[in-house]
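These notes are about the structure you will find just below.
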Amino acid sequence: MKLEKNPTIIKNWRNNPKAIDKFRFMYHFLPKEQEKTRAGLLSHKAIIIYCLLIVLIAGIFRLIPMVFPGVLGYASNINIEDLLSYTNNRRKQSGLSELRLNRKLSIAAEKKASHMFDKNYWAHISPDGVEPWDFILDENYDYIYAGENLAKNFSDSDDVVEAWMESPSHRDNLLSPNYDEVGFAVVNGVLDGYETTLVVQLFGRPREKGQVASVFQEQDLLKELNQSKTEIAAAVPPNGGPDYSLSEKENISKEVPDSAPSPSSVSMTNTSSENEPLIDVAMATRGISIAFGGFISSLLALDVWYSKRKGILKFTGHTFAHITLLFLVIFFVWFVLRPGVIL
Amino acid sequence: MFESMLVIGFAILFLILFYIFRFDKNILKALSLIITLFYVSWGIIHSAREARLAPSVVLEYLLFGLTGYSILYLALSF
């Protein structure tokens, strides 16, 4: 059937500025019938611009923490009770005994977390050579076995423990029969310019079996931790506290140093962590990724629909494959990807 | 039809791999690169089989692959 153009409509269209503007706007979104190509917003030049924009955004998110530290960060809601509960659930499922929450290990974990924020590093051993065992020994915890798991940038307790379980070395720590006790610290601060929450998990088995914390001691500690704003004054030794510098470490043997703080005092202020930075960088990048992917997928879908409707045959790649790729990316970013790094 | 099913099949496979390694950012970045290279290769082979292989088509697959990789890299970097 021969299509006939209505000359009245064409004439009116040419005289109607609004129609012209509308056509110019839609021109960028719709495939071009005469050139038999995709829409302007799907041209090669446009795709290159999208890639450059994404790179620019990534660059901006890297630059902001250098200029304005603490503005970008990772929102989190992590607490020690949940971490302990999830850890012990995993151990129970593997037929192992539960770990008891130990006060000294928890204080050591908190000092380790604070040390990482103060010295701005993310590692088991600090740049000046301080090892995790130094923090444990400084709390007068005489151990046979000790271990450490670290996590940062996570949003909730469940993800932290799940991430540790997915990693063979961290799972070995969590499910080791060599440990009887555990200490946790959940501390907020700024690391590399990003506001984040560090989770430190220290494992231990005391040299004397009778020194393992009892259920009552653990419950008392958990009660204290739940009074998160309550501080129990720490006894500060005359020399101002343990010095974690390398030169000091070289002088310290593996025995407990004399200047260690009194074990009967405790200062536990970081029990649970709700961190709400100004801009949650994880959510922002996920949102931007999904927006870009969704926008381009929509344009491709519109391209397919309009081309079929108007019978436009284009010499281009497989549009369905492009849409599938972008849907795969969107699905992964939205449903699977979780913020967080373990060490 | 067969090739559409093949694309969906590989998409599901990669999604499963993404889920398995969801906590290891380095492996995810490597997987993203593998997906991009696989996608561009598939596009070139598919176009050649349909006698539609041309520089503009190859460039299109490269650019869409790069776009997918950039989006993933942005999300994985933070």
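Proteins come first, then strands; the chains are lettered A, B, ... in the order of their sequence lines, and each starts at number 1.
Within the 4.5 angstrom heavy-atom criterion, only side-chain atoms of B:Ile35, from C-beta onward, approach chain A. For chain B, the nearby parts of A:Leu328 are the backbone and the side chain; heavy atoms of each come within less than 4.5 Å. The part of A:Tyr194 that comes within reach of chain B is its side chain, from C-beta onward, which places non-hydrogen atoms under 4.5 angstrom from that chain. Neither the backbone nor the side chain of A:Ile330 comes within contact range of chain B; no heavy atom of the residue lies under 4.5 Å from a heavy atom of that chain. Proximity to chain B is absent for every atom of A:Val55, based on heavy atoms less than 4.5 angstrom apart. Contacts between A:Leu300 and chain B at a heavy-atom distance below 4.5 Å involve the side chain alone, from C-beta outward. Contact of B:Ser56 with chain A is made through backbone and side chain together, with heavy-atom distances under 4.5 Å. Using a 4.5 Å cut-off between heavy atoms, B:Tyr39 touches chain A through its side chain atoms alone. Of the two parts of A:Phe320, only the side chain, counted from C-beta on, holds a non-hydrogen atom closer than 4.5 Å to a non-hydrogen atom of chain B.
No donor-acceptor distance shorter than 3.5 angstrom exists from the side chain of B:Tyr73 to the backbone of A:Ile54, with no hydrogens or angles considered. With hydrogens and angles ignored, the 3.5 Å screen pairs no side-chain donor or acceptor of B:Arg22 with any backbone N or O of A:Arg338.
To the nearest 0.5 Å, atom CZ of residue A:Phe292 and atom OG of residue B:Ser70 are 9.5 Å apart. If you take CD1 on B:Ile71 and CD1 on A:Ile290, they are separated by 10.0 Å, rounding to the nearest 0.5 Å. The distance from atom OH of A:Tyr50 to atom CZ of B:Phe64, rounded to the nearest 0.5 Å, is 9.0 Å. In this structure, CG on B:Leu59 lies 4.5 Å from NE2 on A:His44, to the nearest 0.5 angstrom. Distance OG1/B:Thr67 to CD1/A:Ile49: 11.5 Å, rounded to 0.5 Å. Distance check, rounded to the nearest 0.5 Å: CG of B:Leu74 to CZ of A:Arg286 gives 12.0 Å.
Taking chain B as the reference chain and counting heavy-atom pairs below 4.5 Å, the highest number among A:Ile296, A:Leu325, A:Asn153, A:Asp159 is found for A:Leu325. Among B:Ile8, B:Leu66, B:Leu15, B:Leu28, the residue with the largest count of heavy-atom pairs under 4.5 Å with chain A is B:Leu15. For the options B:Ala75, B:Ser47, B:Ser32, heavy-atom pairs under 4.5 Å to chain A are most numerous at B:Ala75. Between chain B and the residues A:Ile342, A:Ile48, A:Thr316, A:Val341, the most heavy-atom pairs under 4.5 angstrom are made by A:Thr316.
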Kindly indicate, with the supporting measurements, whether the criterion side chain to side chain contact (heavy atoms under 4.5 Å, CB included) is fulfilled by A:Leu42 and B:Glu60. CA-CA 10 Å; A:Leu42 283 174; B:Glu60 183 178 311; over 6 Å; no

Walk me through it: do B:Phe23 and A:Trp164 pass the test side chain to side chain contact (heavy atoms under 4.5 Å, CB included)? CA-CA 9 Å; B:Phe23 289 116; A:Trp164 282 332; over 6 Å; no

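Counting non-hydrogen atoms of other residues, nucleotides and ligands closer than 6.0 Å to CZ of A:Phe295 gives a total above 12. For A:Tyr121, the OH atom counts as densely surrounded, since its 6.0 Å shell holds more than 12 non-hydrogen atoms of other residues, nucleotides or ligands.
Across A:Ala58 and B:Phe78, no two heavy atoms sit closer than the pair O-CZ, 3.7 Å. Here the closest non-hydrogen pair linking A:Thr324 and B:Ala11 is CG2-CB, 3.9 Å.
Two residues are said to be in side-chain contact when any heavy atoms from C-beta on lie closer than 4.5 Å; B:Leu76 and A:Phe332 meet this criterion. Side-chain contact check for A:Phe335 versus B:Tyr19: every heavy-atom pair is 4.5 Å or farther apart.
Taking the centre of each ring, B:Tyr61 and A:His318 stay at or above the 6.0 Å mark.
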